[in-house]
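Data block below; observations after.
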Amino acid sequence: MEYNHKDIESRWQNYWRDNKVYKTALDTTRPKFYVLDMFPYPSGAGLHVGHPLGYIASDIYSRYKRLRGFNVLHPMGYDAYGLPAEQYAIQTGQHPEKTTTDNIARYRQQLDRIGFCYDWDREVRTCDPKFYKWTQWAFMKMVESYYDTELDKAQPISKLVEHFEKEGSKGIHAACSEELDFTADEWKAMSEKEKSDTLMNYRIAYLGNTMVNWCPQLGTVLANDEVSEGLSIRGGYPVEQKLMYQWCLRVSAYAQRLLDGLNDLDWTDSLKETQRNWIGRSEGAEMRFPIVGSDIELEIFTTRADTVFGVTFMVMAPESEYVDKVTTPEQRKAVDEYLESIKHKTERERMIDKKVSGVFTGSYAVNPLTGKEIPIWISDYVLAGYGTGAIMAVPAHDSRDYAFARHFDLPIVPLIEGCDVSEESFEAKSGKMINSASADFSLNGLEVPEAIAATKKYIAEKGIGKVKVNYRLRDAIFSRQRYWGEPFPVYYKDGIPHLMDESSLPLLLPEVDKYLPTETGEPPLGRAKNWVTPEGYPIELNTMPGFAGSSAYYLRYMDPDNNEALVSKEADEYWRNVDLYIGGTEHATGHLIYSRFWNKFLYDLGYVVEPEPFKKLINQGMIQGRTNFVYRIKDTNTFVSLGLKDQYDTTPIRVDVNRVSNDVLDLDAFRAWRPEFKDAEFILEDGKYVCGWAVEKMSKSMFNVVNPDDIVERYGADTLRLYEMFLGPIEQSKPWDTNGIDGVNRFIKKLWGLYYKGDQCFVDDSKPSAEALKAVHKLIKKVTGDIETFSYNTSVAAFMICVNELSSLKCHSREVLEPLVIVLAPFAPHVAEELWHTALGHDTTVNDAKWPEWNEEYLKENTANYAVSFNGKARFTIQVPADMPKDEVEKLALSHESSAKWLEGKSVKKIIVVPNKIVNIVVG
RNA sequence: GCUCGAAUGGUGGAAUGGUAGACACGAAGGACUUAAAAUCCUUUGGUCAUUGCGACCGUGCGGGUUCAAGUCCCGCUUCGAGCACCA
């Protein structure tokens, strides 16, 4: 029997499927282990060779854990709502559901060919009503909750209502959009609409008038993580800031818990750091500056409380609500003109344009420490959304304030001894304070950190301000003006939003004639007929964003068919949370934040038992494309090989990588590729056409997409799996390079040759030699250690070494060949399964085998090699019996004939013997 | 600007502070073959030496700790990632 990957792989894939070999059930007698891949968005392009990288890694780990006796949950599903399907629908009129279903079918086919051990009975699709019922359900729970800042958890909104009834807003501790102040009587006197609006200020999912990222080209709002440098991540269209009435999630209330939770997670430092940056905690002080001739106080946030004595002016954001209140009649015209000029700029223009601009309001504030009057300005370098939307300007110690002061000729007061502010600001947080004293308070002579602490204490005592922590993390905007997403279970009665009854879930996505906004600018759901409740009230027209469906999907896999709960108590208590999560870094500030938030919310309400969803997380690197080039001599149809191209004037042209093998162009395939190359001529080197190459993003337009199907067809899934792991550490990004895959394929054939030659099976029950036992036990030890640390590339190398040793030893003993198959099974399951059954004669599947333990006895050496070195420079090697005591090794090393010349005229100061490694003789 | 990470042959990459370059690709030479493919064997960091041995230099750069540094410490350079008018 020759190794025939097509026959072996299709046979076993069918067997696994028909016998539901990978079906997982809740089994409290066995320890659980939950291994999860980030589920893919099923795009029209299908899988390329980069996608399976993480899936293979998690598959290996799942199979390994299973062989170790764990009950492994390893599911897969689809993040099926998304913009591409909707845009395709707009262009073609094809229902997004149709394209999505087709794409999923294609993905499934591609995934199946690689031989993954998913339990497909647990598949979820975010666009499936059975699934999105629970997305809508969680949203409703968020609407019905507020965040108690004292208990530090979500609470039912009814508790807050009770409090309002009794004491109004006095003494509440609830996260809110803005501080409100009302009495119980005022609350009771509110209209239904006013009450609704008031409660929106506290709900965890709330309707709010907020600055949103509006993308006109996409026709929808976007969350902060969907925007980068003022452009939409999808499509790269400009994004503007716009005040809109939108559903939001009060993620900011969870900022501190999201930050603290990171400490206990087994994630990479860089990913945790990314999340910490995104949450952006900064400790400082909030201070009030009274405005001259008014009872308004301007509130600011600063991390540099020590610099208050250097505040020479104040600046507020153009969008600040105080702008109107402090602008004097004389300055009104100038201010209006300035606001108008800002309004026309997009967010991106504002970011790029670093020119200093601003306008004086005409009003003055009082510096609470110096008592001096300072002017209040407006400038767009102050952001409305962060802190209080106003700042105290310290030009001597902040570069932005410095630039502003210089431009408008405002005073600059240095506060740190010896600093030079004639050219630029001094921003270092060190040095001794100067110029910082009033009648009853002085910071002079203190170091900066001491001064910060002293000022915080002082302002708190004086009632001027208080210590405050600010976060960069904003609430997530939860509405999208799109069709292809979850509808909100919300209807409007007299303009007041109401939740639908829980029993009416899921609220099904309605049919529409077109997937575009309506003529009046309403979202696509505005086209739906009868989009009203049975009572005739209109239903919300927005849909939920992509992250809604992906925030709790890992919980649904635990209990996918449950129609009574997101996940049953029993299933949740058994599976708990994800032990190992594998996916890309691109979700660091999106999905991985939202999911943690969502989980913490459900945890607060008692629906889940674990406060964190993903215990350990591995980020697989991106597989980049490796583009091949051919070089056409200008104005001809002649192509010159890489090594000779410098002799001609050439144009590099990207060539389909599938027509190139090991950088050598297949000439006929190239001629057949496109009509214009039909008559191409070639200048070869050594009879070959060698292509150039470059690393680029893997994409159709670069002609560098490699489809896993082609690799599986040619070499088999086992070769693909081993090769992807062999490329390098999984965390690392690397270009896909088909060069080298032959080496892995050769390994599998060589392995096969240990068991079979022609039709003859070699496996016998003979006693293996010590060398053979050693080879395989070394392998077991190495692979066991490697799997736990995800060093799969060195495991593959270990397999190669072991098989090479066994074939040169001509070892065919079952005692050696059986454990070899078991440890190989996670990596190359098809060939392992085949050998397990046919060559080794088992009738169970290799998945039910027991992971072998290595025996240290077999690994013992009977001789030990020592490198003998003098002052750290290795000079020669000695071989001694393994159990020779240290002092004898020393003696032997010193008496070796080669030692004489190193010892000549010198004395031995010290001898260091590292077992099996080195004898270092220190001479001097 | 702040934060984090990385840098090792022609290439991808190995190395608990202990003989750097495992394993693989590529390349060169050889065996088998009419020939090619496939397969197998040998060589492959550099320089010099070489029908014997060898010798010296080598992990981005400059210092340091150590008997011993790719690995630890300090200071740079370059590349990558995250955040960024965030006060």
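Side chains are part of it too, since the values below use all heavy atoms of this structure and drop only hydrogens, waters and symmetry mates. Letters A, B, ... are given to chains in the order of the sequence lines, protein chains preceding strands, and every chain is numbered from 1.
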- [ ] Using a cut-off of strictly less than 4.0 Å, decide whether A:Asn871 has a side-chain nitrogen or oxygen near OP1 or OP2 of B:A68.
- [x] no

TODO: Remember a base hit wins even if backbone is also touched, and classify A:Lys782 as base, sugar-phosphate or nothing at under 4.0 Å, heavy atoms.
DONE: nothing

- [ ] Counting heavy atoms from C-beta on, name the nucleotide in B:G13, B:G12, B:C23 closest to the side chain of A:Leu727.
- [x] B:G12

- [ ] Go through the steps to decide whether A:Tyr386 and A:Ser282 satisfy the test side-chain hydrogen bond (donor to acceptor under 3.5 Å, both in side chains), and finish with yes or no.
- [x] CA-CA 11 Å; A:Tyr386 184 76; A:Ser282 64; 2.9 Å; yes

Open item on the list: Could you check B:G82 for me: syn (within 90° of 0) or anti?
Closed with: anti

- [ ] Could you check whether A:Pro729 gets within reach of a base, just the sugar-phosphate, or nothing at all, counting any heavy atom under 4.0 Å?
- [x] sugar-phosphate

TODO: Report yes if a side-chain nitrogen or oxygen of A:Asn804 is closer than 4.0 Å to either non-bridging phosphate oxygen (OP1 or OP2) of B:A24; otherwise report no.
DONE: yes

Task: Centroid separation A:Tyr792 to A:Phe726 less than 6.0 Å - done: no

Task: Whole-Å gap separating P (B:C2) and CZ (A:Arg281) - done: 22 Å

Task: Counter-base of B:G1, judged by Watson-Crick or G-U geometry with both distances under 3.5 Å - done: B:C83

Task: Nucleotide B:G1, atom P - distance to CG of A:Asp398 in whole Å - done: 16 Å

Task: N or O in side chain of A:Arg472 less than 4.0 angstrom from B:A84 OP1/OP2 - done: yes

- [ ] Indicate whether OP1 or OP2 belonging to B:U39 is found under 4.0 Å from a side-chain N or O atom of A:Arg746.
- [x] yes

Task: Atom-pair distance (CG on A:Leu779; P on B:C23), nearest Å - done: 14 Å

TODO: Please work out if A:Ser282 contacts a base, only the sugar-phosphate, or nothing of the nucleic acid, heavy-atom cut-off 4.0 Å.
DONE: sugar-phosphate

TODO: Using Watson-Crick or G-U wobble geometry with both distances below 3.5 Å, tell me the partner of B:G54, or none.
DONE: B:C48

Open item on the list: Output the rounded distance in Å from NZ (A:Lys734) to P (B:C79).
Closed with: 23 Å

Open item on the list: If you go through the side-chain atoms of A:Arg474, does one of them form a donor-acceptor pair with the base of B:C86 closer than 3.5 Å?
Closed with: yes

- [ ] Using only side-chain N and O atoms of A:Tyr386, determine if any of them is under 4.0 Å from OP1 or OP2 of B:A87.
- [x] yes

- [ ] Please work out if A:Asp269 contacts a base, only the sugar-phosphate, or nothing of the nucleic acid, heavy-atom cut-off 4.0 Å.
- [x] nothing

TODO: Dump the intermediate steps for side-chain hydrogen bond (donor to acceptor under 3.5 Å, both in side chains) on A:Tyr471 and A:Ser252, then the final yes or no.
DONE: CA-CA 8 Å; A:Tyr471 300 91; A:Ser252 62; over 6 Å; no

Open item on the list: Applying a 4.0 Å non-hydrogen cut-off, can you work out what A:Ile801 is touching in the nucleic acid: base, sugar-phosphate, or nothing?
Closed with: sugar-phosphate

Task: Residue-phosphate contact under 4.0 Å: A:Gln275 side-chain N/O, B:G82 OP1/OP2 - done: no

TODO: Any strand is fair game: report the nucleotide pairing with B:U78 by Watson-Crick or G-U wobble, both distances under 3.5 Å, or none.
DONE: B:A6

